[in-house]
Asker: 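The following block contains the structure, expressed as structure tokens.
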Amino acid sequence: MSTRPRVSTRISAISESATLAVDAKAKAMKAAGRPVIGFGAGEPDFPTPDYIVEAAVAAARDPRFHKYTPAGGLPELKQAIAAKTLRDSGYEVEASRVLVTNGGKQAVYEAFATLLDPGDEVLVVAPYWTTYPEAIKLAGGVQVDVVVDEGTGYLASVEQLEAARTERTKVLLFVSPSNPTGAVYSREQTEAIGRWAAEHGLWVVTDEIYEHLTYGGAEFTSIATAVPELGDRVVILNGVAKTYAMTGWRVGWLIGPADVVKAATNMQSHATSNVANVSQMAALAAVSGDLSAVARMREAFDRRRQTMMRMLNDIPGVFCPEPMGAFYAYPTVKELVGKELRGRRPQTSAELAELILEEAEVAVVPGEAFGTPGYFRMSYALGDDDLVEGVSRLGKLLAEAR
Ligand SMILES: Cc1ncc(COP(=O)(O)O)c(C=O)c1O
């Protein structure tokens, strides 16, 4: 009998998402009839706008879309993405440099798979979104964390990045607005980081999926436009999921230099081929339409954001810097870890999150999932009443900590 492992070493190394434990438990509790309020969702709670759905229905009826189409995306969608990128980011790009992917997630995987050789280092600001480490690892890359905290509103400085740079550093991952912290870099900060990257010949992979969700005077700046010196060493990742409430449709894209896009397209042509055409036509309606739907969502998110921030900061032992983008708050709970609560003494934020789920029927994602224990990520993409009820329950329970 073979002594070789049944599951390959490479794939066995992929971690189970740390969000899953809480999520699975919350779902089981809900199914058992318990009134769980979930702050775990990474998606807008709104339906996809009607005009987008209508475009999909029309596409489903058109036999042209029942067939294989070019692996890199429908030409009209690539054109519309190029036009949208000029409109929203001021970045001029030809349609041939757009690759349409199965969600932003596939764009993340393909970007790292295309750029990294084994041992190449990627600078990643922690807290980070859970998918990046796995994509980097699968590509053979080495993630180097640049840890930030609430003291700077979760923003990294050039000095911190420089301290983490080595001769193996190939890529800086730049994410603004950030999941999980909601941090948004100003134009000046973006320029300083971009110029530093250009000066050292680094590639920048920039995830712009939350570009339209900024609040309170914060503005999204595309590092690709702000720092032309980066030249052809920029890869932009984006998608329709967050802007148009289209998480289930699975359309994202990657924009990069011709050689990178060609290589990534080759890879995709063997892995998944074209993204479902019905979804591509829905995405075409989305990106070529206006931004009124996201403006309405942003208004609701902004209201909930302020409510959540105010309520969280009223809880003793909790501190939450103002999230300026996306739809997440990232409060620190470090002072509460290790305290006695309902006869238990949680030693980590993961244990505290578990206790909160059991005792207050509130689901939060512990910071362990994002590379920084001692925090919670709380999405405010849920109804206003549930939000108030959920944070009230959390506050009441945590007030008992001794
Ligand atoms: C920062 C970030 N990038 C990319 C994505 C990918 O989104 P999707 O694959 O749904 O397009 C997400 C989703 O949560 C995200 O938070």
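Counting convention: from 1, in listed order, for ligands and their atoms alike. Hydrogens, waters and symmetry mates are skipped; everything else that's a heavy atom, side chains included, is used.
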Asker: Within the supplied structure, the quantity of interest is the number of heavy atoms (other residues, nucleotides, ligands) at a distance under 6.0 Å from Glu219 CD; does it exceed 12?
Answerer: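 No, because the 6.0 Å sphere around CD of Glu219 holds 12 heavy atoms or fewer from other groups.
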Asker: Heavy atoms under 4.0 Å from ligand 1: which residues qualify?
Answerer: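 Around ligand 1, where the cutoff is 4.0 Å for heavy atoms, the contacting residues are Gly103, Gly104, Lys105, Trp129, Tyr132, Asn179, Asp207, Ile209, Tyr210, Ala241, Lys242, Arg250.
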Asker: For residues 174-184, run the donor-acceptor check on the side chains, cut-off 3.5 Å, and write out each pair with its distance to 0.1 Å, sequence neighbours left out.
Answerer:
residue, atom, partner, partner atom, Å
Ser176, OG, Tyr185, N, 3.0
Ser178, OG, Thr181, N, 3.3
Ser178, OG, Thr181, OG1, 2.9
Asn179, OD1, Arg377, NH1, 2.9
Thr181, OG1, Ala183, N, 3.1

Asker: Only counting residues at least two apart or in another chain, list the ones meeting side-chain hydrogen bond (donor to acceptor under 3.5 Å, both in side chains) with Thr166.
Answerer: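 Thr166 satisfies side-chain hydrogen bond (donor to acceptor under 3.5 Å, both in side chains) with Glu121 only.
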Asker: When rounded to the nearest 0.5 angstrom, what is the spacing between CG in Leu398 and CG in Leu352?
Answerer: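 Answer rounded to 0.5 Å: 6.0 Å.
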Asker: Give every donor-acceptor pair under 3.5 Å between a side-chain atom in residues 254-265 and any protein atom, sequence neighbours left out.
Answerer:
residue, atom, partner, partner atom, Å
Thr265, OG1, Val261, O, 2.5

Asker: With ring centroids as reference points, do Tyr330 and Tyr375 lie under 6.0 angstrom apart?
Answerer: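 Close enough - the centres of the two rings lie under 6.0 Å apart.
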